Protein chains: 2
Amino acid sequence: MFFLKDLPSRTTLEAYRERFTAMDVDKVDEALHMLRKASLLMRELEEYFASRGLSQLRYLILVVLDREFERDGLLASEVAERLDVSRPVMTRTLQALVEEGLLTLQTHDQDLRAKQVRLTRKGRAKLHQALPGYYRLIHDFMDRDTK
Amino acid sequence: MFFLKDLPSRTTLEAYRERFTAMDVDKVDEALHMLRKASLLMRELEEYFASRGLSQLRYLILVVLDREFERDGLLASEVAERLDVSRPVMTRTLQALVEEGLLTLQTHDQDLRAKQVRLTRKGRAKLHQALPGYYRLIHDFMDRDTK
DNA sequence: ATTAAATGATTACCATGATAACTATATTCA
DNA sequence: TGAATATAGTTATCATGGTAATCATTTAAT
């Protein structure tokens, strides 16, 4: 997370450019604003998810599984790959979601190392309940911010 | 962090809009791209800081203190306020930085509850060593990304 | 002046991210 | 075919974020 209330001014950035590096001040400035804005939005999203017994990652796992409605679940490694998150975090989070009855985990038929992950009806319902508020929050944030 | 490799398509977003909420699809789409881009940049920054014995927050604490060169340090609460981070996290991080000799903490003269935080010479040097690479990383990321 | 409320910092505890090391199973190739 | 390598997942450990509760001190109010 990146929470610097007063970002470095253009003047400060230009002084740095002079001193050591051939950076594009505009792009760096844009990046700093983006980091702060994204951090604020992420914080709001985490708060929203927490209020619904979810988290950013839990939510995204449900999304990824919900998308693949033609397939009978995904391998844990496929979920991890689509989300670009480390395996141990995936293991832990999937287990927590199973505890809560939102997913099932089952050893794969052919490959005994692998785990098949499936959404339960409860999991799908939980996701669909969270979606409207999720999009509303993002919409409101962007709306507020661009004013 | 937000790491969904395939973001919801415009079509998907429009379907959601129809179904439950009067959202601006463009703005939501923009927000999702921003979240992902910021997450990737934050990950690179954390890696950079880790390689130098710092972290995003440790770095920002040094920046905030370095900025206030006219003042003889800041109160811990002032640092927390400028960075919008919770007090317990600030306490812990300041103590770690003191352990490493980058800061000093001293009980305030007038208010015995408060702590005065000051950059040491070593802390200032550490910050100035980290700055060029920090800006270069951001520059390169933005440059790469906009291609 | 004394009590009540507010403030600064800390402690205890929990959630979520990472990496390194490990187990078990599959695959490759000599 | 058997040994070496690769892959899927887990465990252990650590870093960094949060909230709630607590302690000490200061400020406000009666």
Side-chain angles (χ1 to χ4, degrees), chain A residues 1-3 35 38-61 73-100 103 105-117, chain B residues 1-3 35 38-61 73-100 103 105-117:
Chain A
M1 300 297 232
F2 178 90
F3 289 131
L35 284 174
S39 295
L40 292 172
L41 177 52
M42 278 185 225
R43 184 184 272 178
E44 288 193 22
L45 286 172
E46 284 300 353
E47 195 183 324
Y48 172 71
F49 287 130
S51 78
R52 310 191 67 101
L54 288 171
S55 71
Q56 186 80 247
L57 178 58
R58 286 172 186 221
Y59 168 79
L60 292 175
I61 289 171
L74 291 174
L75 297 183
S77 54
E78 293 178 308
V79 179
E81 196 276 331
R82 280 165 174 69
L83 293 176
D84 197 16
V85 82
S86 71
R87 291 298 187 74
V89 169
M90 189 51 61
T91 294
R92 184 212 291 152
T93 311
L94 289 175
Q95 284 170 356
L97 290 169
V98 169
E99 292 283 315
E100 289 173 28
L103 301 181
L105 273 179
Q106 197 186 322
T107 301
H108 192 265
D109 291 348
Q110 270 72 53
D111 188 339
L112 302 181
R113 296 167 306 179
K115 292 283 171 68
Q116 193 78 10
V117 188
Chain B
M1 298 298 230
F2 177 90
F3 290 131
L35 283 175
S39 294
L40 293 171
L41 177 51
M42 277 187 227
R43 185 184 269 179
E44 289 193 22
L45 286 172
E46 284 298 354
E47 195 183 324
Y48 172 71
F49 286 131
S51 78
R52 309 192 66 102
L54 287 171
S55 71
Q56 186 80 247
L57 178 57
R58 285 169 187 224
Y59 168 78
L60 291 176
I61 289 170
L74 291 174
L75 297 183
S77 54
E78 292 177 309
V79 179
E81 197 276 330
R82 279 165 174 67
L83 294 177
D84 199 15
V85 82
S86 71
R87 292 297 188 72
V89 170
M90 189 50 61
T91 294
R92 185 214 289 152
T93 311
L94 289 175
Q95 284 169 357
L97 290 169
V98 168
E99 292 282 315
E100 290 172 28
L103 300 181
L105 273 179
Q106 197 187 323
T107 300
H108 191 265
D109 292 348
Q110 270 73 54
D111 188 339
L112 302 181
R113 296 168 305 180
K115 292 283 170 70
Q116 192 78 9
V117 188

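Note that the structure is predicted; figures quoted are calculated from it, not measured. Lettering follows sequence order; numbering is per chain, from 1. Worth knowing before you read on, the calculation uses all heavy atoms, side chains too, and leaves out hydrogens, waters and symmetry mates.
Taking every side-chain heavy atom of B/R87 into account, C/dT10 is the closest of C/dA20, D/dA8, C/dT10. Listed candidates were C/dG8, C/dA26, D/dT11. Nearest to the side chain of A/T91 is D/dT11. Listed nucleotides: C/dT11, C/dA18, C/dT16. Nearest to the side chain of A/S55: C/dT16. Distances were taken from every side-chain heavy atom of B/D111 (C-beta onward) to each of C/dG8, C/dA9, C/dT25; the shortest belongs to C/dG8. You'll find that the side chain of A/P88 is closest to D/dT10, out of D/dT16, D/dT10, D/dA8.
Here the straight-line distance linking atom CZ of B/R82 with atom OG of B/S77 works out to 9.5 Å at 0.5 Å rounding. To the nearest 0.5 Å, the span separating CD on A/Q116 from CG on A/L103 amounts to 12.0 Å. Atom NZ of A/K115 and atom CG of A/L75 lie 11.5 Å apart (nearest 0.5 Å). In this structure, B/M1 CE and A/Q56 CD are separated by 10.5 Å, a value rounded to the nearest 0.5 Å. Within the model, atoms CG of B/L60 and CZ of A/F2 stand 5.5 Å from one another, a figure rounded to the nearest 0.5 Å. Put simply, NE2 on A/H108 and CD on A/Q106 are 9.5 Å apart, with the number rounded to the nearest 0.5 Å.
Among the protein residues, B/T93 comes within range of no part of the nucleic acid, since none of its heavy atoms lies under 4.0 Å from any strand. When heavy atoms are screened at a 4.0 angstrom cut-off, B/E47 is found touching no nucleic acid atom at all. Counting non-hydrogen atoms under 4.0 angstrom, A/S77 reaches the backbone sugars and phosphates but no base. Looking at heavy-atom distances under 4.0 Å, A/E78 makes no contact with the nucleic acid at all.
One can place CE of B/M90 at 17 Å from C1' of C/dT11, the figure rounded to the nearest angstrom. The nearest whole Å value for the distance from the CG atom in A/L112 to the P atom in C/dT23 is 19 Å. Residue B/F3 contributes atom CZ, which lies 9 Å from atom P of C/dG17 at whole-angstrom precision. In this structure, CD of B/E81 is placed 16 Å from C1' of C/dA9, rounded to the nearest angstrom. Summarising the geometry, the separation between CD on A/E46 and C1' on D/dT16 is reported as 13 Å, rounded to the nearest angstrom. Regarding A/I61, its CD1 atom lies at a distance of 11 Å from the C1' atom of C/dT16, rounded to whole Å. Spacing between atom CG of A/L103 and atom P of D/dG9 amounts to 14 Å, rounded to whole angstrom units. Across the protein-nucleic acid pair, A/D109 atom CG and D/dA8 atom P stand 16 Å apart, rounded to whole Å.
A sub-4.0 Å separation between OP1 or OP2 of D/dG18 and a side-chain N or O of A/R43 is present. Considering only side-chain N and O atoms, B/Q110 lies nowhere under 4.0 angstrom from the phosphate OP1 or OP2 of D/dT26. Within the structure, a side-chain polar atom (N or O) of B/S86 is placed less than 4.0 Å from OP1 or OP2 of D/dG18. The phosphate of C/dT16 (OP1 or OP2) has a side-chain N or O of A/R58 nearer than 4.0 angstrom.
DNA chain D is contacted by both A/R92 and B/L54; A/R92 maps to the nucleotide lying nearer its 5′ end (nearest heavy atom per residue). Nearer to the 5' terminus of DNA chain D, by closest-nucleotide assignment, is the contact made by A/R113 (compared with the other of A/L105 and A/R113).
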